[in-house]
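The structure appears below as structure tokens.
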Number of protein chains: 2
Amino acid sequence: MSSITLTPTSHLVLGLIAGTGPATSYDLKKLVGISIGYFWTFPHSQLYAEPVRLAEAGYLTAEEEARGRRRRLYSITGKGREALSAWLRDSSASEGYEIRDLGVLKLFFGGLVDSDAVRALAEKQMSMHRRVLGELETIEAGADGGGQLAFPLRTLQLGKQVSRVCLEFWTEVAERPDLSSA
Amino acid sequence: MSSITLTPTSHLVLGLIAGTGPATSYDLKKLVGISIGYFWTFPHSQLYAEPVRLAEAGYLTAEEEARGRRRRLYSITGKGREALSAWLRDSSASEGYEIRDLGVLKLFFGGLVDSDAVRALAEKQMSMHRRVLGELETIEAGADGGGQLAFPLRTLQLGKQVSRVCLEFWTEVAERPDLSSA
DNA sequence: TCCAGACCGTCCGATTCGGACTGGCCTAGA
DNA sequence: TCTAGGCCAGTCCGAATCGGACGGTCTGGA
């Protein structure tokens, strides 16, 4: 029950369990993979380690299978819910916003290669964003718009919009690889 | 001269030095801070450690001040230029694209709090994106559109567009915090 | 019954992180 | 000229993170 500092991973785990009920680490891994993982990847080892830490600190309780695959089923506690709610309401904890995109990093150095290479990069990025957009639309189509999923679907909308903007941007780059003005 | 694997940080350092000429780690830190750092932060300790690694492996050469602050000025070598160019042209190395935004993570769990809290979050995000947008426009205004900066400015355009989309998105959320449909 | 392949979990070395600290340099004011 | 204080520049290190590799478990079909 030692005191720990809560990271984004902590809040993710708490939120997932609060939202969908008791879960094993594997469940978390699957949930992340089909949702938030599209924008923000969390290493699976964290999704195993983090609930242990949270349980030790009293934010979760663990129920372990006696035999076989010693799966541990985690449930959220009152303390966990409080911490989650406090974080969700804490407007000072929302700062920070990062886009890590290898393609953009390359474009930043586009002046060091010829425009054919820039065009090739742009086309590659276009196909990537088209693929992502398609996958997001598939997920969207397969989900009922109902209560539980309303907010996750909303973040998905943002993902789609960002993807679309990127697609347009790279299309423009592919058309005029060596031009700076719009 | 041992062989090392090149990370995004490696390519950033190589690209910066290739693009702007010899630089110290501190120069790199400043450069990153006013440009790519807006989307992708690199810890300063990396910006000191990475050139050392790159120099050991022959991608950079270091010239150290004899006295005083023992600053090290790094220059790129032929090997460094080749590696950078190869990376820029390697279309298989562009995968990966991540958006890490605490606000979006919170929205994902929006169903667990009341709509006032969601609205407050949205408003906070709006002001953040407005601020970022303003800063990007300031940077843009202060840069001549000339050759060297053409590609960095282009990535800045993308940053602006993404920020604008986020701003619109959060505006919509602020207006209708509890509605899922557009 | 046996096997293949998916499922599930753990472990660990290597890397990354960022805060804290040290010390040099510069300028202004006495 | 001297020196105090603020910025400049770099180093260090414990802690957190990463992700690959491995090992055990289960299910269904031959």
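The structure displayed is predicted, hence computed values, not measured ones. Numbered from 1 within each chain, the chains take letters A, B, ... in sequence-line order.
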L47(A) CG - dT17(D) P separation (whole Å): 12 Å
Working to the nearest 0.5 angstrom, can you tell me the gap between F109(B) CZ and I36(A) CD1? 7.0 Å
According to a strict under-4.0 Å criterion, is Y48(A) in side-chain N/O contact with OP1 or OP2 of dT10(C)? no
In Å, rounded to the nearest 0.5 Å, how long is the span from CG of L158(A) to CG of D101(B)? 7.5 Å
To the nearest angstrom, how far is K29(A) atom NZ from dG9(C) atom C1'? 9 Å
Counting side-chain heavy atoms from CB outward, which of dA9(D), dC7(C), dC17(C) is closest to P43(B)? dC17(C)
S115(B) side chain vs P177(B) backbone, donor-acceptor pair below 3.5 Å: no
Value in whole Å for how far the C1' atom of dC8(C) lies from CG of L31(A): 15 Å
Atom CD of Q46(A) and atom C1' of dA16(D): how far apart are they, to the nearest Å? 8 Å
When you measure from the side-chain N and O atoms of R53(B) to the phosphate of dA14(C), is any distance below 4.0 Å, counting only OP1 and OP2? no
Given dC11(C), dA9(D), dG19(C), the nucleotide with the shortest approach to the side chain of S45(A): dC11(C)
Identify whether the distance between the nearest side-chain nitrogen and carboxylate oxygen of E50(A) and R53(A) falls below 4.0 Å. yes
Under 3.5 Å, is there an N or O donor on one side and an acceptor on the other linking the side chain of S25(A) and the base of dG9(C)? no
Gap between atoms CZ and P, on R100(B) and dT17(D) respectively (whole Å): 11 Å
Who are the side chain to side chain donor-acceptor pair (under 3.5 Å) partners of Y38(A), not counting sequence neighbours? E135(A)
dT10(C) C1' sits how many Å from R71(A) CZ, rounded? 15 Å
Which listed nucleotide (dT10(C), dT17(D), dC8(C)) is nearest to the side chain of T7(A)? dT17(D)
Using whole Å, what does the distance between atom P of nucleotide dC17(C) and atom NE2 of H44(B) come to? 11 Å
Touch check for T9(A), heavy atoms < 4.0 angstrom, all strands: base, sugar-phosphate only, or nothing? nothing
Could you give the CH2-to-P distance, from W40(A) to dC18(D), as a whole number of Å? 10 Å
